[in-house]
Number of protein chains: 2
Amino acid sequence: MANDDSRPLTLRDVSEASGVSEMTVSRVLRNRGDVSQATRERVLEAAKALGYVPNKIAGALASQRVNLVAVVIPSLRNMVFPEVMSGISSVLEETDLQPIVAVTDYLPEKEERVLYEMLSWRPSGVIIAGLEHTDAARAMLKASGIPVVEIMDTDGIPIDAAVGISHRRAGREMAKAILKQGYQRIGFMGTKMPLDHRARKRFEGFTEALAKAGVEIADQEFYSGGSALAKGREMTRAMLKRDPELDFLYYSNDMIAAGGLLELLEQGIDIPGQIGLAGFNGVELLDGLPRRVATMDACRTEVGRKAAQIIADRIATGTVEDERVIELTPTISYGDTLKRR
Amino acid sequence: MANDDSRPLTLRDVSEASGVSEMTVSRVLRNRGDVSQATRERVLEAAKALGYVPNKIAGALASQRVNLVAVVIPSLRNMVFPEVMSGISSVLEETDLQPIVAVTDYLPEKEERVLYEMLSWRPSGVIIAGLEHTDAARAMLKASGIPVVEIMDTDGIPIDAAVGISHRRAGREMAKAILKQGYQRIGFMGTKMPLDHRARKRFEGFTEALAKAGVEIADQEFYSGGSALAKGREMTRAMLKRDPELDFLYYSNDMIAAGGLLELLEQGIDIPGQIGLAGFNGVELLDGLPRRVATMDACRTEVGRKAAQIIADRIATGTVEDERVIELTPTISYGDTLKRR
DNA sequence: TTGAAAGCGCTAACAA
DNA sequence: TTGTTAGCGCTTTCAA
């Protein structure tokens with residue numbers, strides 16, 4: 001199986017073992033060009049017997065084509081991103097493209113660094129979360145000459161193309177829905193991260209729509225770190241203690257909303273009569289809770305799918321699509337916690 | 001910024017722009033060898049002005065070294081794996097190695113396929129979940145000649161090295177702890193996946209330890225798909241209906257255990273007096289629940305860290321460590337749901 | 001401290 | 001249908 005000196009096997013080894021030229025071996029292994037059935041079988045047999053694994057490094061250099069799509073996201077621990085990845089993978093699996101993931105931890109400098117690393121592998125396309133990047137990162141992406149799809153957000157100008165939702169609009173819509181149900185004294189809880197632009201935009205849209213109706217956030221609190229569920233409980237308890245008159249709580253994500261729900265239920269508070277609740281994301285988790293929390297779907301899998309499709313199409317056709325920005329429309333699930341009292 | 005024909009920039013472009021040989025430019029960009037301060041600055045300036053991004057494909061081919069570590073895991077949607085990734089990243093970030101992830105969806109054939117893809121990039125090491133692989137996959141890994149660390153499980157013979165816990169032992173320990181607290185009529189709920197070998201081994205260890213004490217599982221149920229939390233609720237409700245005399249419920253993961261907890265609380269059942277509960281994994285999520293569910297930590301971050309450390313050390317020193325198998329010892333958290341009644 | 005030459009393992013392009 | 005030649009963009013090695 002192994003060769004004498006344990007040097008990795010090359011095309012040449014297969015060529016010698018099968019008595020066929022390197023070029024023909026290469027053709028067989030890539031299913032390219034016309035190769036006779038007999039030759040093909042001889043080559044395949046030899047390759048398998050030797051345990052040959054092609055060297056894509058060399059192949060990519062020679063062909064000037066790399067079947068990799070770089071995916072740059074803030075984190076894997078927020079379930080949102082694995083779901084986006086699912087969408088991306090499901091589309092790319094139909095092609096010969098492969099996603100490679102890098103994580104930025106919500107740090108712009110780290111984003112710049114990992115982007116540089118990824119681009120130095122000369123991928124065929126980039127899918128990157130958000131519209132906010134350092135100047136250097138934007139410059140790199142522009143100069144790369146490959147398709148770049150910014151995902152999850154459409155509030156801004158994309159470098160090349162974008163797929164996502166408008167978080168500002170999402171915040172506004174939720175505010176309108178809450179007001180429409182008659183809630184008036186509204187508290188907000190969310191992550192502290194100043195670099196989570198999408199959460200920030202939702203918050204901005206939310207307060208903006210409230211302001212338009214003459215309503216102001218009654219109380220707000222931000223957290224960082226720890227178990228989101230536990231934080232949701234804690235913050236909710238603290239906020240209700242500060243202001244027992246609150247009649248609605250809006251959370252920047254479903255996990256802390258779930259924590260808030262458990263806290264309110266434990267306190268025996270009437271939901272949604274006395275207090276209403278809403279989160280954001282539409283996570284599957286919520287299905288198992290005692291009440292279905294009101295939320296808004298961020299269309300995560302769909303975003304991944306559409307982004308991957310753009311890249312795949314561009315590479316396949318060599319042309320650029322008309323619509324550079326695809327804004328998906330999230331819908332509100334009212335669940336059991338956002339209802340006329 | 002961009003060059004005439006939008007061909008990607010090469011070392012040669014930087015060489016011409018700075019008036020220094022390609023070789024010296026290369027040295028500067030890699031911080032290698034002795035280069036005068038003046039030359040270094042000229043080169044760096046030219047590279048930055050042009051927006052040059054090195055081509056790792058060419059670099060890797062020339063140097064025969066690829067700073068990639070392939071990580072092959074079943075899924076990203078099970079929070080266990082992102083946590084393992086965190087451990088891996090935290091160690092590799094201290095080196096010049098970079099993880100690249102591939103997902104198998106618990107399918108052996110897909111594992112084989114993605115492994116082949118990864119190995120064709122000639123990574124410097126492989127971290128792969130589990131000890132069960134197809135023959136072809138094992139052969140590839142053996143023939144690759146690079147360090148291979150199998151993670152999450154130590155019940156079996158590794159190809160090269162392994163870091164994880166013994167799931168059989170984990171199952172046994174939990175069974176012993178439950179029996180010791182006086183519980184006797186025990187139900188089990190878990191995933192249906194026949195390919196989740198670790199869950200299977202825990203179950204086997206669990207029933208084995210019960211048998212030794214003359215106890216048999218009173219009821220069991222397996223699920224697949226859907227929200228784990230919701231499934232936990234449903235299965236728990238169904239099982240209690242079938243056998244209201246059950247005094248303990250053991251779940252194969254914390255998510256369904258949490259669902260079970262919520263169901264029991266809603267039914268007003270005394271926990272742990274009437275019924276005790278335990279899950280597996282020690283997920284952060286549990287912190288926010290009304291009761292802390294008994295569980296067992298799978299040492300996920302630590303597993304990732306240790307595995308990455310093995311790879312990094314092998315590459316740095318060129319030697320192989322003595323201990324090929326590192327078995328970590330999970331500890332039981334009794335929480336509020338596993339206590340003498 | 002710098003440069004020139006020779007390849008890394010493969011594939012594009014052309015020839016037979 | 002198969003083979004030959006000439007690189008891909010870098011780094012290694014050796015010479016200056």
Side-chain angles (χ1 to χ4, degrees), chain A residues 3 5 7-44 46-47 50 52-68 96 117 119-124 144-145, chain B residues 3 5 7-44 46-47 50 52-68 96 117 119-124 144-145:
Chain A
N3 47 337
D5 46 319
R7 153 190 60 77
L9 293 163
T10 68
L11 219 41
R12 167 168 221 135
D13 295 302
V14 183
S15 164
E16 283 169 2
S18 63
V20 173
S21 78
E22 285 186 43
M23 195 54 229
T24 300
V25 173
S26 167
R27 282 196 267 253
V28 171
L29 264 20
R30 287 175 300 141
N31 298 309
R32 272 280 164 61
D34 297 320
V35 180
S36 73
Q37 189 56 29
T39 315
R40 151 167 277 107
E41 276 164 19
R42 284 228 325 265
V43 168
L44 255 19
L50 291 169
Y52 172 68
V53 176
N55 185 332
K56 286 209 183 186
I57 304 264
L61 183 61
S63 67
Q64 302 285 68
R65 286 182 307 100
V66 180
N67 67 338
L68 259 24
D96 68 340
E117 293 285 324
L119 289 179
S120 67
W121 286 103
R122 298 286 188 269
S124 294
S144 70
Chain B
N3 48 337
D5 45 320
R7 152 190 61 78
L9 294 163
T10 68
L11 220 40
R12 167 170 220 133
D13 296 301
V14 183
S15 165
E16 282 170 1
S18 63
V20 172
S21 79
E22 284 185 43
M23 195 52 234
T24 301
V25 172
S26 166
R27 282 196 267 253
V28 170
L29 265 20
R30 286 176 300 141
N31 299 309
R32 272 281 162 62
D34 296 320
V35 180
S36 74
Q37 189 57 29
T39 315
R40 150 166 276 107
E41 277 164 18
R42 286 230 320 271
V43 170
L44 253 19
L50 291 169
Y52 172 69
V53 176
N55 185 331
K56 285 209 185 189
I57 304 265
L61 183 61
S63 67
Q64 302 282 72
R65 286 182 306 100
V66 181
N67 66 340
L68 258 24
D96 69 339
E117 292 286 321
L119 289 179
S120 67
W121 287 104
R122 298 284 188 269
S124 293
S144 71

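In what follows, every chain begins at residue 1, and chains take the letters A, B, ... in the order their sequences are listed.
When each of B:Val35, B:Leu29, B:Val20, B:Thr24 is tested with B:Arg40 by the rule side chain to side chain contact (heavy atoms under 4.5 Å, CB included), just one qualifies, namely B:Val35.
The CZ-C1' distance, from B:Arg65 to D:dC10, rounds to 12 Å in whole Å. Atom CD in B:Gln37 sits roughly 11 Å away from atom P in C:dT2 (whole-Å rounding). Going from atom CG of A:Leu11 over to atom C1' of D:dT4 covers 15 Å, rounded to whole Å. One interatomic measurement links the two molecules: CZ of A:Arg12 to C1' of C:dC10, which rounds to 13 Å at whole-angstrom precision. In this entry the distance linking CG of A:Leu61 with P of D:dT11 reads 12 Å, nearest Å. In this structure, B:Asn55 places its CG atom 5 Å from P of D:dC10, rounding to the nearest Å. One can place CG of A:Leu29 at 16 Å from P of C:dG9, the figure rounded to the nearest angstrom.
The phosphate of D:dT1 has neither OP1 nor OP2 within less than 4.0 Å of any side-chain N or O from A:Thr39. Within the 4.0 Å cut-off from OP1 or OP2 of C:dC10, at least one side-chain nitrogen or oxygen of A:Tyr52 is found. Here A:Gln64 reaches the OP1 or OP2 of D:dG9: one of its side-chain N or O atoms lies under 4.0 Å away. Taking 4.0 angstrom as the limit, B:Ser36 places a side-chain polar atom (N or O) nearer than this to OP1 or OP2 of C:dT2. The phosphate of D:dT2 (OP1 or OP2) has no side-chain N or O of A:Thr24 nearer than 4.0 angstrom. Note on A:Ser21: every side-chain N or O is 4.0 Å or more away from OP1 and OP2 of D:dT2. Listed pair A:Arg32 / C:dA13 fails the phosphate criterion, with no side-chain N or O lying under 4.0 Å from OP1 or OP2. A close approach under 4.0 Å does not occur between any side-chain nitrogen or oxygen of B:Arg122 and OP1 or OP2 of C:dC8. The side chain of B:Ser26 contributes no N or O atom lying less than 4.0 Å from OP1 or OP2 of D:dC10.
Between the side chain of B:Ser15 and the backbone N or O of B:Leu11, no donor-acceptor pair lies under 3.5 Å. For the pair B:Ser124 (side chain) and B:Val66 (backbone), a donor-acceptor distance under 3.5 Å is present.
When distances run from any side-chain atom of A:Arg30 to the nucleotides C:dC10, C:dA5, C:dT11, the shortest one goes to C:dT11. Taking only side-chain atoms of B:Arg27, from C-beta outward, the nucleotide of C:dG3, C:dG9, D:dT12 with the closest atom is C:dG3. The side chain of A:Met23 lies closest to D:dT4 when the candidates are D:dT4, C:dT2, D:dC10. The side chain of A:Ala58 approaches C:dG9 more closely than any other nucleotide in the set C:dG9, C:dG3, D:dT12.
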request  = Verify side chain to side chain contact (heavy atoms under 4.5 Å, CB included) between B:Gln64 and B:Arg122, making sure each step is shown before the conclusion.
outcome  = CA-CA 9 Å; B:Gln64 302 282 72; B:Arg122 298 284 188 269; over 6 Å; no
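Using a 4.0 Å cut-off between charged nitrogen and carboxylate oxygen, A:Arg7 and A:Asp13 count as a salt-bridge pair.
Between B:Ala62 and A:Ala62, it is A:Ala62 whose nearest contact on DNA chain D lies nearer the 5' terminus. Between A:Val53 and B:Glu22, the residue whose closest nucleotide on DNA chain C is further toward the 5' end is B:Glu22.
Looking at heavy-atom distances under 4.0 Å, A:Asp34 makes contact with a base.
Here OG of B:Ser63 is found 4.5 Å from CZ of B:Arg65. Values are rounded to the nearest 0.5 Å.
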